[in-house]
Protein chains: 2
Amino acid sequence: MSLAAGFQPLYKQVYDLLTRRLVEGHWKPSEPLPSEMALAEELGVSQGTVRKALNQMVSESLLERRQGKGTYVAEHTQESSLFRFFRLREPGGESLIPETKVLSSKRRSASKRERLQLGLEPKEQVVELLRLRYLNNKPAIVEKIIQPLSVFPDIDKQTELPNALYILYQEKFGISIVSVRDELRATAMPEALADYLGLAAGSPVLMVERASINIDGRAVECSQAYCASEDFVYSVDLK
Amino acid sequence: MSLAAGFQPLYKQVYDLLTRRLVEGHWKPSEPLPSEMALAEELGVSQGTVRKALNQMVSESLLERRQGKGTYVAEHTQESSLFRFFRLREPGGESLIPETKVLSSKRRSASKRERLQLGLEPKEQVVELLRLRYLNNKPAIVEKIIQPLSVFPDIDKQTELPNALYILYQEKFGISIVSVRDELRATAMPEALADYLGLAAGSPVLMVERASINIDGRAVECSQAYCASEDFVYSVDLK
DNA sequence: CAGTGGTCTAGACCACCTT
DNA sequence: AGGTGGTCTAGACCACTGC
């Protein structure tokens, strides 16, 4: 067989190989992969082994399979992107569609905290994007988003920013966000931002610090969001 | 075959059957299940089909498999129980071991909100347990836990409550918590509880409302926790 | 109809654990 | 040595898709 019998199980080697190809852009989002049989033949393993590797990638949302059609690179659609990582809800209630307004955007050097979180060099330039998000037409979230220019060249030259930034990252910069790490705390609303949410400075707000992880495992973007949590809650299921 | 060919895939039928047996207490936590071969023979399906069903149950933390030994009913150990659903951390940091002190315990009728959340009858009796939890030897969390007496008979007669309640639920009441739903918001610290955390009334605190789900899918316990989030954050990875 | 993924089987061999 | 789960294979049949 062309994949040498090594330390790891064959299906794991196939998984690693296919994931590497995916990371390197060998296939683009929404493109089909070769069929199981074709991959099995190319790699010199059985179809079942390829299947096991593919299914693992599906379980990580890297791929999607459609019976009778083929296996496709997972795509960040408007809906999936908005809802997969967006956890703010009405208490006990359904998903809410956030609307978004950009408040400001500027270039500056990365702070120490940002360098640590994103693995940046000293003095590396980032874009700081300030956005206001509405739920049920009420201003609910102010978020500050940090985008390294080394990852997103000239992103501040984009004329139109979509509601779901991850779609832009994927289509224009080849960045596929596969997971996020959130840290939540309660804090007093900073005076500088209080007006946006129509709150008194010092009101209790939910702060969500997020690091977004690319398919290659790097943290490529981080954000801080201040959420009015009178009417909304951050909802999460742990299994 | 003894499992009639029905609408659903065989492995799904096997999964349903084995899960039902598990729910009904057919096997107790930490007990071994019959071997794959034995189950396959009993059910009249192939070993591979049983394997697929078992692996799905493993992925839901219902079972554990140990190579060379057997397949076991998952057990809530002190560590796994404390850390699997306990999300409070130092910012960017490691897990913290919470210490616990019981403040009070009393019986009363369920409130409307509790009846809705836990599916209780009007006037049903519950135990309201108030606990104080410490992280790094500092009081960090006040939590109010609601336990229906219909689910946990005479739970308030327990002489000793363990740090991880889920272990008690499993050992004494046959309740296996498999998932939780958390809703987080920021709020002002209630005056009645502020002293416990050494905070001023009105300070911003993180409130975590939790419903705990039994293996049979019912919400069997709910809680409200007020967390001092000066020094600690609620940390979660979304994939 | 041919091509795809989805299910199911049977059997081989390996790695690990116990006796 | 014998039993367990873990991997891998090969082949059959089914369900869905599109030409």
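Since the model is a prediction, treat every value here as computed from it, not as a measurement. So you know, we letter chains A, B, ... as the sequences are listed, proteins then strands, and number each from 1.
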Counting only side-chain heavy atoms from C-beta out, which of dA10(D), dT4(D), dT4(C) sits nearest to Ser35(B)?
dT4(D)

Measure from NZ or CZ of Arg89(A) to the centre of the six-membered ring of Phe232(A), then state whether that distance is under 6.0 Å and the direction lies within 45° of the axis.
no

Which residue pairs pass the side-chain hydrogen bond (donor to acceptor under 3.5 Å, both in side chains) test when at least one of the two sits in residues 23-38 of chain B, sequence neighbours left out?
Glu36(B)-Gln47(B), Glu36(B)-Arg51(B), Glu36(B)-Arg65(B)

In whole angstroms, how far is the C1' atom of dG3(D) from the OH atom of Tyr72(B)?
11 Å

Roughly how many Å is it from CG in Leu43(A) to P in dT9(D), rounded to a whole number?
11 Å

Residues in side chain to side chain contact (heavy atoms under 4.5 Å, CB included) with Lys172(A), at least two apart?
Gln158(A), Leu168(A)

Below 4.0 angstrom, N of the basic side chain to O of the carboxylate: do Glu99(B) and Lys101(B) qualify?
no

Could you tell me the separation between the CE atom of Met37(B) and the C1' atom of dA12(C), rounded to a whole number of Å?
13 Å

Round to a whole Å and report the spacing from CZ of Arg66(B) to P of dG5(D).
12 Å

Qualifying side-chain hydrogen bond (donor to acceptor under 3.5 Å, both in side chains) pairs, either residue in residues 207-222 of chain A, two or more places apart
Arg113(A)-Glu209(A), Tyr166(A)-Ser212(A), Tyr169(A)-Glu221(A), Asp182(A)-Arg210(A), Arg185(A)-Glu209(A), Glu209(A)-Gln224(A), Ser212(A)-Glu221(A), Asn214(A)-Asp216(A), Asp216(A)-Arg218(A)

Judged by modelled atom types alone, do Arg87(A) and Ser235(A) share a side-chain donor-acceptor pair under 3.5 Å?
no

Could you give the OH-to-C1' distance, from Tyr11(B) to dC14(D), as a whole number of Å?
14 Å

Name all residues meeting the ring pair (Phe, Tyr, Trp, His ring centres under 6.0 Å) criterion together with Phe173(A); count only those two or more places apart in sequence or in a different chain, and write none if there are none.
Phe152(A)

Please list, pair by pair, any protein nitrogen or oxygen found under 3.5 Å from a nitrogen or oxygen in nucleotides 16-19 of chain C.
from, atom 1, to, atom 2, distance (Å)
dC16(C), O4', Gln67(B), OE1, 3.3
dT18(C), OP1, Lys69(B), NZ, 3.4

Could you check how far CZ of Arg65(A) sits from C1' of dT4(C), rounded to whole Å?
10 Å

Atom pair distance, as rounded to whole Å: CD in Glu64(B) and P in dG5(D)
14 Å

Out of dC8(C), dT9(D), dG6(C), which nucleotide sits closest to the side chain of Val45(A)?
dT9(D)

Going by number, which of residues 47-61 of chain B have a non-hydrogen atom under 4.0 Å from DNA chain C?
Thr49(B), Lys52(B)

Rounded off to whole Å, could you give me the CD-to-C1' distance for the Glu36(A) and dT9(D) pair?
14 Å

Give a yes or no on whether Asp154(B) atom CG has more than 12 heavy-atom contacts from other residues, nucleotides or ligands under 6.0 Å away.
yes

Does atom CD1 of Ile97(A) have more than 12 heavy-atom neighbours, drawn from other residues, nucleotides or ligands, at distances under 6.0 Å?
no

